[in-house]
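Beneath this line is the structure, given in structure tokens, with notes to follow.
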Amino acid sequence: MSEQSTFDIDACLARVRQLDQAAARELVDELYPLVIRIVRAHLPRRVAEEDLAQEVFMKMFARLDQFQGTVPFPHWVSRIAVTTCIDQLRAQRRRPELRWADLSEHEAEVLSSVLSDQTAHAPDDALAARELVNKLMSQLAAPDRLVLQLLDLEQKSVAEVASLTGWNRAVVKVRAFRARRKLQKLFQTLKRQENS
Amino acid sequence: MKRPPRLSTPWGRLTEAARQVPTPHVEVPFGFSARVAALAMSAPPRTTWAALLDQFSWRALGVSAILVAVSLAFSYSAITSTGEDDWALSDPLVAMAEAS
């Protein structure tokens, strides 16, 4: 973070507006970790993360004149990244129904564990849990997936999600509620399949 | 001990576990920033509706100013004349009175 504090984003933006290519490179280098973190979190299937990151940066440069400076520049770029991911997710079809047989051994163990109310997980379960989360979320519509990713995995507040997505707070809450309810039904279905 | 609300559901417990995955180190791929910067700087400037309006409204203003000047020049004599003679000639009552 010390590098971030020394980076003068306003001076860099001024140079970028003068079509300084070196400044544009510096800006991309500075913002890449932020953009790729968002892209990886929302990455639609079959879309290379680098391609999506490039699309985000191209939009950022194309819309640079629209940046008014009312919010910090990284926040403005985050919003472009999130909306780009939403567009990509919307273009995708939902995966076919998830069944217990589709889960790997580790994922099935993690699922049994969370369904049987065991809160303790070994550290190596985290990866399986992450994979399982991705599989479950792939069953949801793009906006539902996004809202749960931001709220439950990245632990952002409703206000932050509203700011990033452009939806109002009520919409964010309703979407989260509906998405969790869908997941609850999915958990019940998987539990029945496990027992059968 | 009372459990936090987020751990009371399978989804809450699952996301709690999933969050334990460490964030991987991020490094900009070689040549990525150079490629993106070159593409962005070579791309033609994006034309927005505001920019279009700005551009064309100035042109429209110029054209309309020229038209006003031309029409004023052509109708200068009509504007500066008193119009009494024209009125008398074109008035049908005056014409009928003169005829009788």
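In the text below, chain A, chain B and the rest are named by the order of the sequence lines, each starting its count at 1.
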_Quick check for you: to the nearest 0.5 Å, what is the distance between T9(B) atom OG1 and Q184(A) atom CD?_
7.5 Å
*Any side-chain heavy-atom pair from T15(B) and L148(A) closer than 4.5 angstrom?*
no
*Atom CZ in R19(B), atom CD in E154(A): separation rounded to 0.5 Å?*
10.5 Å
*Sequence neighbours excluded, which residues qualify as ring pair (Phe, Tyr, Trp, His ring centres under 6.0 Å) partners of F177(A)?*
none
*Contact summary for A37(B) and A24(A), nearest pair of heavy atoms*: CB-CB, 3.6 Å
_chain B contact via L183(A) - which portion, at a heavy-atom distance below 4.5 Å_ = side chain
_Cluster check F61(A), F7(A): I/L/V/M/F/W/Y, side chain < 4.5 angstrom_ = yes
_Heavy-atom pairs under 4.5 Å with chain B: which of L64(A), D152(A), V133(A), V28(A) has the most?_
D152(A)
*Pairs where residues 67-79 of chain B contributes a residue and the test salt bridge (charged side-chain N to carboxylate O under 4.0 Å, His left out) is met, not counting sequence neighbours*: none
*Looking at CG of L14(B) and CG of L111(A), how far apart are the two atoms once the value is rounded to the nearest 0.5 Å?*
7.5 Å
*Could you check M60(A), Q54(A), R25(A), E50(A) and say which one makes a side chain to side chain contact (heavy atoms under 4.5 Å, CB included) with V36(B)?*
Q54(A)
*asked:* Tell me whether R79(A) at atom CZ has more than 12 heavy atoms from other residues, nucleotides or ligands lying less than 6.0 Å away.
replied: yes
*Hey, quick one: are Y32(A) and L39(B) part of the same hydrophobic cluster, counting side-chain heavy atoms closer than 4.5 Å, chains of contacts allowed?*
yes
*Report yes if the side chains of V16(A) and M41(B) come closer than 4.5 Å at any heavy-atom pair, otherwise no.*
yes
*Which atoms of I36(A) come close to chain B, meaning under 4.5 Å heavy atom to heavy atom: side chain ones, backbone ones, both, or neither?*
side chain
*Part of residues 27-35 of chain B lying next to chain A, heavy-atom separation under 4.5 Å*: E27(B), V28(B), P29(B), F32(B), S33(B), A34(B), R35(B)
_Value rounded to 0.5 Å, distance of NZ in K182(A) from CH2 in W11(B)_ = 13.0 Å
*Does any heavy atom of chain B fall under 4.5 Å from the side chain of A22(A), the backbone, both, or neither of them?*
neither
*More than 12 non-hydrogen atoms from neighbouring residues, nucleotides or ligands closer than 6.0 Å to CZ on R169(A), yes or no?*
no
*asked:* Please tell me whether L146(A) and V174(A) are part of a single hydrophobic cluster in this structure, the criterion being side-chain heavy atoms less than 4.5 Å apart.
replied: no
*asked:* Restricting to side-chain contact (heavy atoms from CB on, under 4.5 Å), what partner residues turn up for T84(A), sequence neighbours left out?
replied: L52(A), E55(A), V56(A), K59(A), I80(A)
